[in-house]
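Note that these values count all heavy atoms, side chains included, but never hydrogens, waters or copies made by symmetry. Along the sequence shown, the residues carry numbers beginning at 1.
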Amino acid sequence: MSDTRQEIAIDEGGVPADPPPEVTAPAVPELSALVILLLKGVVYRNDDERRWASLLRLQARVREQAGVLLLDLVVDEAEGFAFLRSRPDADAADGSPPLPRLVPRRPLSYAVSLLLALLRRRLAEFDAGGGDTRLVLTREEIAALVRVFLPDGSNEARLVDQVDATIGKVVDLGFLRRLKPAAGGARDPGRYEVQRILKAFVDAQWLADFDARLEQYRTALSTASGQEPRDG
């Protein structure tokens, strides 16, 4: 009677040899899919719970792959987001030619920096109040945040244009997400969700330092216009 049991190959050292490779249809590995998604942008838990679970399970291997590209994986399980960040020493001068950066640095205009700081402070106030985890603001509410730092009598139409342009840049950076108009909202002025990844880029110390600069800026504007500074 023939023995139908599968034989296990043994190499000369007495260690089981690798089994012959199976012939299977090529598939995109889970790890590769995660790295590609992270290279394209931020991965949010709320967007895909299953993908988020895969990231948590494979994050050690993702870190290893990202390290080859001089990137660090940042995972915030409490807030539910993950992204890749260039290592601080990626530009260290050691005599060798600098490597190109996969994650470019973007200089921010004062208007964008101002709006990011104001949104970050608004997010901190929102979190302190408890309740919902999603901070959604209308365009008018965002404009109101900025208006405090402008002297009285500023041209309203020009302010709206400036706010719209700045909001668009912040959306492009990924810190605001434009929401779809509500049903029947032909006159929907625009609603935006503040993305919680903003907390990773604007920490409490940065916000505290920027608050001091904001006060100086507001005082300078008010002095130039001959008006008393308005309270924020």
> Is it true that D76 and R196 make a salt bridge, defined as a side-chain N closer than 4.0 Å to a carboxylate O?
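Salt bridge between D76 and R196, a charged N being under 4.0 Å from a carboxylate O: no.
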> Suppose the criterion is salt bridge (Lys or Arg N to Asp or Glu O under 4.0 Å): which pairs have a residue in residues 62-73, not counting sequence neighbours?
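Salt bridge (Lys or Arg N to Asp or Glu O under 4.0 Å) check on residues 62-73 returns D72-R87.
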> Between L198 and R120, what is the shortest heavy-atom contact and its length?
CD2-N, 3.6 Å
> Check residues 34-45 and write down every donor-acceptor pair under 3.5 Å in which the side-chain atom is one partner and the other belongs to a residue at least two apart or another chain.
{"unit_1": "R45", "atom_1": "NH1", "unit_2": "E77", "atom_2": "O", "d": "2.8"}

> Hey, is CZ on R177 packed in by over 12 heavy atoms from elsewhere, all under 6.0 Å?
yes
> What are the two closest heavy atoms between V112 and L173, and how far apart are they?
CG1-CD1, 3.9 Å
> Checking A111 now: which residues fulfil side chain to side chain contact (heavy atoms under 4.5 Å, CB included) with it, not counting sequence neighbours?
S109, T166
> Nearest 0.5 Å please: distance from the CD1 atom of I142 over to the CZ atom of R147.
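Between atom CD1 of I142 and atom CZ of R147 there are 12.0 Å.
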> Which atom names give the shortest non-hydrogen contact between G80 and W52, and what distance separates them?
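Shortest heavy-atom contact: C-CH2, 3.6 Å.
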> Can you list the residues that meet the salt bridge (Lys or Arg N to Asp or Glu O under 4.0 Å) rule with D48, with sequence neighbours excluded?
none
> Which value, rounded to the nearest 0.5 Å, describes the distance between R122 atom CZ and D127 atom CG?
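Reported value, rounded in 0.5 Å steps: 10.0 Å.
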> Return the set of residues passing side-chain hydrogen bond (donor to acceptor under 3.5 Å, both in side chains) with R51 (not counting sequence neighbours), or none when no residue passes.
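If we apply the side-chain hydrogen bond (donor to acceptor under 3.5 Å, both in side chains) test to R51, skipping adjacent residues, there are no hits.
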> Who pairs with R134 by salt bridge (Lys or Arg N to Asp or Glu O under 4.0 Å), at least two apart in sequence or on another chain?
E193
> Verify, without hydrogens or angle tests, whether R191 (side chain) and K180 (backbone) share a donor-acceptor contact under 3.5 angstrom.
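Indeed, once roles are kept as given, a pair shorter than 3.5 Å links the two residues.
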> To the nearest 0.5 angstrom, please state how far the CG atom of L135 sits from the CG atom of L176.
9.0 Å
> Show every ring pair (Phe, Tyr, Trp, His ring centres under 6.0 Å) that has at least one partner inside residues 158-180, sequence neighbours left out.
F175-F201
> Using the side chain to side chain contact (heavy atoms under 4.5 Å, CB included) criterion, which residues pair with E141? Sequence neighbours excluded.
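E141 satisfies side chain to side chain contact (heavy atoms under 4.5 Å, CB included) with L137, T138 once adjacent residues are dropped.
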> Supply the atom-to-atom distance L73 CG to Q59 CD, rounded to the nearest 0.5 angstrom.
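One finds 6.5 Å between CG of L73 and CD of Q59.
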> side-chain contact (heavy atoms from CB on, under 4.5 Å) for K169 and L115? Distances and angles first, verdict last.
CA-CA 10 Å; K169 293 177 182 178; L115 183 53; over 6 Å; no
> What distance separates E79 CD from I197 CD1, expressed to the nearest 0.5 Å?
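Going from the CD atom of E79 to the CD1 atom of I197 covers 10.5 Å.
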> I'd like to check the side-chain hydrogen bond (donor to acceptor under 3.5 Å, both in side chains) partners of D47; sequence neighbours left out, ordered by chain and number.
none
